[in-house]
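It should be emphasised that the depicted structure is a prediction, and the values quoted were computed from it without experimental measurement.
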Amino acid sequence: MKTAIGIDIGGSHIKGALVDLKEGRLLTKRTRMDTPHPATPDAVVEVCKEVVNSLPESDLVGVGFPGVVSGGKVFTAQNLDKRWIGFPLEGKLKHELGLHVRTINDADAAGVAEVLKGAGHKIEGTVIVLTIGTGVGSAFFTNGSLVANTELGRMLLKRGLEVEAYGSDRIREKEGLSLEEWADRLQEILTEIERVFWPSMIIIGGGGAKDFSEVQDRFQTEATLCHAEHKNKAGIIGAALWAAKNGC
């Protein structure tokens with residue numbers, strides 16, 4: 001199979017595109033729709049159907065979800081609706097779309113894109129991908145293998161705040177932080193991550209990190225630190241690649 005549809009469910013938007021699996025790139029413009037509010041499972045599934053129907057046909061769909069996903073079921077939904085807990089997202093989408101569907105945590109999807117087709121390709125040791133958006137997601141890889149559903153956004157900093165409550169794009173906007181002030185907070189997060197995990201590389205991605213290159217010189221890390229090659233397209237690309245790698 002040469003193509004698959006990738007969908008990235010976020011707290012603000014649901015995005016999708018047709019992906020070239022060999023090259024790891026979008027073949028179509030992204031379809032972007034607002035995440036419904038309240039973001040109930042049925043409402044989000046309907047938007048996902050609209051996204052798929054707006055794109056060229058494909059037998060395979062990969063879906064990244066902002067929470068812990070295991071065995072096709074959702075176990076956490078920090079920035080959506082509590083009715084997601086235990087929801088069989090993969091099975092529901094298979095039924096509604098009549099297509100092969102594979103689901104994955106959204107940050108893990110972004111990580112898959114970067115490790116298979118991006119900045120983290122063939123990097124030995126531990127690679128950590130941080131996605132900055134409505135929340136803060138994370139993906140861990142050891143010598144290219146995914147350790148699924150890590151939740152660094154829930155990690156407590158020395159000041160007693162969760163990473164997500166200190167360094168997400170939502171918090172940045174809410175508190176009116178300058179780019180430099182946000183970068184200083186991210187440095188604190190990176191320092192704590194290195195203290196615990198000692199990665200070889202840290203990749204920063206997500207829509208909230210679009211200006212990362214402007215402040216990259218402010219950071220000091222032992223690990224190689226870089227901006228995600230696929231930037232905010234990584235979730236779509238990685239979801240499609242994951243579906244192909246684990247497809248029916």
Side-chain angles (χ1 to χ4, degrees), residues 1 3-19 21 30-55 57-113 129 131 133-140 146-151 153-154 164 206-207 232-248:
M1 185 171 293
T3 65
I5 290 172
I7 295 178
D8 185 6
I9 298 173
S12 301
H13 299 96
I14 296 174
K15 298 168 288 187
L18 187 68
V19 175
L21 297 171
R30 288 181 300 167
T31 295
R32 172 171 151 160
M33 298 184 179
D34 291 340
T35 302
H37 294 285
T40 63
D42 287 343
V44 169
V45 166
E46 284 302 312
V47 176
C48 288
K49 287 170 59 179
E50 290 182 48
V51 170
V52 170
N53 290 335
S54 74
L55 297 169
E57 290 186 9
S58 178
D59 292 333
L60 187 61
V61 180
V63 180
F65 181 85
V68 171
V69 179
S70 181
K73 289 186 178 182
V74 173
F75 288 89
T76 68
Q78 188 75 11
N79 295 302
L80 293 178
D81 188 284
K82 297 304 180 185
R83 280 170 280 190
W84 279 100
I85 309 304
F87 184 76
L89 177 59
E90 190 168 287
K92 181 68 171 179
L93 285 171
K94 283 181 180 179
H95 175 76
E96 294 292 329
L97 295 172
L99 302 171
H100 299 307
V101 178
R102 283 290 181 263
T103 52
I104 183 174
N105 168 268
D106 61 342
D108 285 347
V112 167
V129 180
T131 58
T134 305
V136 175
S138 61
F140 272 56
L146 174 65
V147 180
N149 291 311
T150 57
E151 288 281 285
R154 308 277 76 77
E164 187 167 289
N232 60 352
K233 299 175 184 176
I236 294 173
I237 294 169
L241 290 171
W242 182 257
K245 187 176 180 180
N246 298 275
C248 302

Exactly one of L89, T40, V63 clears side chain to side chain contact (heavy atoms under 4.5 Å, CB included) with V45, and that residue is L89
Review point. Is there a donor-acceptor contact under 3.5 Å from the side chain of E164 to the main chain of V136?
Key: yes
Q. Does the side chain of I9 come within less than 4.5 Å of C48's, by heavy atoms?
A. yes
Surrounding NE2 of H37 (heavy atoms of other residues, nucleotides or ligands, distance under 6.0 Å), is the total greater than 12?
yes
The complete set of salt bridge (Lys or Arg N to Asp or Glu O under 4.0 Å) pairs with one or both residues in residues 66-89, sequence neighbours excluded, reads D81-R83
Sorted by chain and residue number, the side-chain contact (heavy atoms from CB on, under 4.5 Å) partners of T35 (sequence neighbours excluded) come out as I14, A39, L80
Applying salt bridge (Lys or Arg N to Asp or Glu O under 4.0 Å) to K92 and not counting sequence neighbours gives E96
Across all chains, not counting sequence neighbours, the salt bridge (Lys or Arg N to Asp or Glu O under 4.0 Å) partners of E90 are K94, R102
Scanning both residues in full, the closest heavy-atom pair of A110 with T131 reads CB-CG2, 3.8 Å
With heavy-atom distances below 4.5 Å as the criterion, would you say the side chains of M33 and H13 are in contact?
no
>> Would you say the rings of W84 and F75 are close, in the sense that their centroids are separated by under 6.0 Å?
In response: no
The reported gap from CG in L99 to CD in E57 (rounded to nearest 0.5 angstrom) is 8.5 Å
Output for pair (D106 CG, F65 CZ), nearest 0.5 Å, gives 8.5 Å
Shortest non-hydrogen pair, A113 vs L241, comes out as CA-CD1, 4.1 Å
- Sub-3.5 Å donor-acceptor pair from the side chain of T31 to the main-chain atoms of K15, do we have one? no
Residues passing the side-chain contact (heavy atoms from CB on, under 4.5 Å) test with N105, sequence neighbours excluded, are A107, D108, N149, E151
Q.
Show, in sequence, the C-alpha distance, side-chain angles and deciding distance for V52 and I7, and conclude whether the side-chain contact (heavy atoms from CB on, under 4.5 Å) test is met.
A. CA-CA 8 Å; V52 170; I7 295 178; 3.4 Å; yes
Separation between CZ (R32) and CD1 (I236), nearest 0.5 Å, reads 10.0 Å
Between A43 and P38 the two heavy atoms that sit nearest each other are CB-O, 4.1 Å
Hits for side-chain contact (heavy atoms from CB on, under 4.5 Å) against A109, two or more places apart or cross-chain, chain-then-number order -> I104, A239
L18 and S58 have their tightest heavy-atom pair at CD1-CB, 3.9 Å
